[in-house]
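Reviewing the structure listed below.
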Amino acid sequence: MASTILAETSASISELKRNPMGTVAAGDGFPVAILNHNEPAFYCVPAPAFEALMNRLEDLELNRIADSRIGEPVIPVEIDAL
């Protein structure tokens with residue numbers, strides 16, 4: 001069965017076990033596809049890339065919420081009342 005590998009770099013589980021940090025470094029800051037029998041088993045994502053992904057997802061969710069509120073009545077508030 002053919003699978004799409006969503007990373008430019010891939011490594012086997014054996015390579016990951018042998019040298020975990022080297023495998024992560026091979027991705028040069030991007031995810032590394034970890035293969036089991038030449039099929040993607042999971043993606044090894046460096047912390048900065050994962051944090052950026054989570055921030056982007058949060059931004060998308062906040063934009064969705066803001067878009068859903070377009071057209072709702074505006075309630076005026078005095079800054080001193082806060």
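To the nearest 0.5 Å, atoms CG (L35) and OG (S12) are separated by 7.5 Å.
In the displayed structure, N38 atom CG is contacted under 6.0 Å by at most 12 heavy atoms of other residues, nucleotides or ligands. Shown here is E39, whose CD atom has more than 12 heavy atoms of other residues, nucleotides or ligands within 6.0 Å.
Between P40 and S3 the shortest heavy-atom distance is CD-CB, 3.5 Å.
For R64, the salt bridge (Lys or Arg N to Asp or Glu O under 4.0 Å) criterion is met by E61, not counting sequence neighbours.
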Check against side-chain contact (heavy atoms from CB on, under 4.5 Å), I65 and R69: CA-CA 6 Å; I65 292 168; R69 293 180 180 174; 3.6 Å; yes
When the side chains of residues 43-55 are checked against the rest of the protein, which donor-acceptor pairs come out under 3.5 Å, sequence neighbours left out?
residue	atom	partner	partner atom	Å
Y43	OH	L6	N	2.9
N55	ND2	E51	O	3.3

Solution key, residues 17-30 side-chain donor-acceptor pairs under 3.5 Å, sequence neighbours excluded:
residue	atom	partner	partner atom	Å
N19	OD1	G22	N	3.0
T23	OG1	E15	O	3.4
T23	OG1	N19	O	2.9

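With contacts defined as side-chain heavy-atom distances shorter than 4.5 Å, the pair I34/V32 qualifies.
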